[in-house]
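For ligands, and for the atoms within them, numbers begin at 1 and follow the listed sequence. Numbering starts at 1 and runs along the sequence shown.
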Amino acid sequence: MAERAAAAPRCAALVGPYLSGKTTLLESLLFAAGAIGRKGSVKEGNSVGDAAPEARARKMSVEVSAASCEFLGEQWTFLDCPGSVELGQETQHALMVADAAVVVCEAEVSKALTISPLLKFLDDRKIPHMLFINKMDISAHRVREVLEALQAISSRPLVLRQVPIRATDKSGADHVTGYVDLVSERAYQYKPGQGSDLIKVPEELVEREQEARRTMLESLADFDDKLLEQLLEDAVPEKHAIYAQLSKDLAGDLIVPVFLGAAERDHGVRRLLKALRHEVPGPAETAKRFGVKMDANDTVAQVFKTYHQAHTGKLSLARIWSGKAQDGMSLNGHRVGGVSRMKGHELQKLAAAGPGDVVALGRLDQVATGTLLSASGKARMGTPWPDRLAPLFSLAIETENRQDEVKLTAALARIVEEDPSLSLEQNPDTHELVLWGQGEIHLQIAIDRLRLKYNLPVKSHRPQVNYKETIRRGITHHARYKRQTGGHGQFADIHVKIQPRPRGTGFEFVDEVVGGSVPRNYIPSVEDGVREYMPRGPLGFPLVDFAVTLFDGQYHAVDSSDMAFKTVARQAMAEAMPKCDPVLLEPIFNVTIAVPNDFTSRVHGLISGRRGQILGFDAKEGWAGWDEVHALMPQSELHDLIIELRSLTLGVGSFAWKFDHLQELTGRLADKIVEHRLQPAH
Ligand SMILES: Nc1nc2c(ncn2[C@@H]2O[C@H](COP(=O)(O)OP(=O)(O)OP(=O)(O)O)[C@@H](O)[C@H]2O)c(=O)[nH]1
Ligand SMILES: [Mg+2]
């Protein structure tokens, strides 16, 4: 390969399904680059990625970890992203600054589908990406089969860059011992912890190698007329031309190169690192791809992750698009308190960082993840920042120790700042503090964080459903309140008409008093009394959709008061409402479930099994091979819907929801809910 000037610092995101080996790959990449002397592992809890205690405890990544290193004189930052579908927002944010993504997946046919939403995200934004098929050491499938399964879900052509060399051991088991590189046509034998040995292409592989090479070249020829001509004439294209074409097609997200390996054994990792070095575009091209509008001499940086750490305070992880970021400078009007490179939890202070660098900017207290910072304050981003993921799962939480409540609010604010796909709701009906997120694991991680990082143990439980109640029958009622206590007494007397109102029209208070039987100034007190009763009707739930008309009453010149009229109104409601045929109302949501169409019929079963009503289904716009099923479903059935939906769909199914209406609920289910509500414990 020809000598070239060192490229600007580049950044690659390691993404892909849960437990596919991204954090292990990061460790191996850092080791191969010489950035760490000894390899740690996820199992032993000493890897560079996953340094947070919540990650160590679960042996999974819980947030993005950044690690910068130098490889052959060039600066790299790898962003090790969590694979769990519940932590997808982290991955999306990392991808918004990366020059390329390495999609790490397992050599498993049945798991191919799991990368489908990720590929969609990458292709929608034309983010260059390659596949690293990991765990080749334990794969039971042929590369060809895995590739076929992956190709079925990739809208871009996959271009295999290596073919494996296999050998049979004494027990008769088949192992990958090396690979043939399809561009250089060189064969390598893996050696643990070191660069592979160059060997002769094994005799029996020559034919397969030739065929795979031809397939690779044909894929490239689709994007280059000259190459197409050469292939048609059976001419052998030059290697440097092939490399140039590969870089160009990767940069344009036209093809997806595929590499093979086993991160845990360092197999194929140096090859991957070299491919990154030669083929990944630099920060200037990436900023252009994202449509960053900036002045050449401005300092511009994109914040894509926020950390709160005990010893450093707030850190805003940012990619510098242009200019020089320095301690003490002002970005968007905020003063930068330190610039450091990260390697897991290790920080290395820098005097300044330049274009392409990924650095933690200290103490930008007012700056949120997703902010494009600039010295001028004028830089703008073209590609919109990904939307905050809509919440899918919730738990009501409370501190184990009552005196911690104030601390809880502050800690949760930080946790939500670190992970915007979490949110909080103070439910006005049930008075619960509800934590919303993407799934059960997502919330458990947040709860771990409260305990481990903020020393705040919390209890969690399934949130209550926002049941309401209404009446089905109207009556008129007369109520009188009279007390004689010492000096002057209390007196109020009213006649009210109570009537049901149509669903969704709420409460109405009507004043039909004539001739001053209830003086003007007491009428608002009557309404107040009625409203005071409303949060807890005869069935124990908030009352909605009814009208109270005050049409007559009596007062006493001395003994009547606002308080007396308020009390009599409350009393009237308590006496009359149980006679108005009260009925429970349950919230019904409009739900849209999105799944690959192989699963559509299962989703129908899922909906009907949860008292849902299917409204119809159609193809999901912009998502080849996916359906959307529309349904009405009761809120009480939505709590763990995402859990069952994911287990039915290899984790890729998701849903959107919004409140639709309240619907009467009668029969045994309603009786049980009311009975539970009216228990003395409540
Ligand atoms: N056999 C084998 N196991 C591997 C390989 N790479 C990783 N593993 C194992 O796979 C498991 C998951 O590895 P991680 O590196 O934590 O995977 P990850 O993709 O970072 O996981 P998440 O970030 O939680 O999605 C660990 O037990 C690793 O030891 C490999 O090449 N071969
Ligand atoms: Mg990981």
S47 side chain to S41 side chain, donor-acceptor N/O pair below 3.5 angstrom: no
Modelled atom types, side-chain donor and acceptor of H308 and E417, under 3.5 Å: yes
Within 45° cone and under 6.0 Å: R186 NZ/CZ vs Y188 ring: no
Are R56 and D50 within salt-bridge range, i.e. N to O under 4.0 Å? no
Check D174 with R142, please: is the shortest side-chain N to carboxylate O separation under 4.0 Å? yes
Under the salt bridge (charged side-chain N to carboxylate O under 4.0 Å, His left out) definition, can you give me all pairs with a residue in residues 27-38, not counting sequence neighbours? none
Atoms of ligand 1 close to [X] [distance to a heavy atom under 4.0 angstrom, numbered from 1]:
X    : result
I138 : 1 (N)
V42  : 14 (P), 15 (O), 16 (O)
M60  : 24 (O)
Y18  : 24 (O), 25 (O)
G83  : 22 (P), 23 (O), 25 (O)

Return the option from K135, E44, E264, K43 holding the heavy atom at the smallest distance from atom 11 (C) of ligand 1. K135
Would you say the rings of [Y] and [X] are close, in the sense that their centroids are separated by under 6.0 Å?
X    : Y    : answer
H267 : Y190 : yes
F259 : F132 : no
H639 : F393 : yes

L25 and its side-chain contact (heavy atoms from CB on, under 4.5 Å) partner, picked from N134, L30, L272: L272
Between [X] and ligand 1, which part of the residue brings a heavy atom under 4.0 Å of the ligand: side chain, backbone, both or neither?
X    : answer
M136 : neither
L19  : both
T24  : both

Cut-off under 2.8 Å, centre the Mg ion (ligand 2), protein N/O/S atoms: T23 OG1, S61 OG
Identify which one of H442, Q89, H93 satisfies the side-chain hydrogen bond (donor to acceptor under 3.5 Å, both in side chains) criterion when paired with D419. H442
Pairs of nitrogen or oxygen atoms closer than 3.5 Å, one from [X] and one from ligand 1: do any exist?
X    : answer
D50  : no
S20  : yes
A263 : yes
D137 : yes

Between atom CD of Q438 and atom CG of L87, what is the distance when rounded to the nearest 0.5 Å? 9.0 Å
Considering non-hydrogen atoms of the protein only, which is the closest contact for [atom], and what is the distance?
atom                    : result
atom 23 (O) of ligand 1 : S61 OG, 2.8 Å
atom 19 (O) of ligand 1 : K22 NZ, 2.6 Å
atom 6 (N) of ligand 1  : N134 ND2, 3.2 Å

Do side-chain atoms of E70 reach the backbone of W76 as a donor and acceptor pair under 3.5 angstrom? no
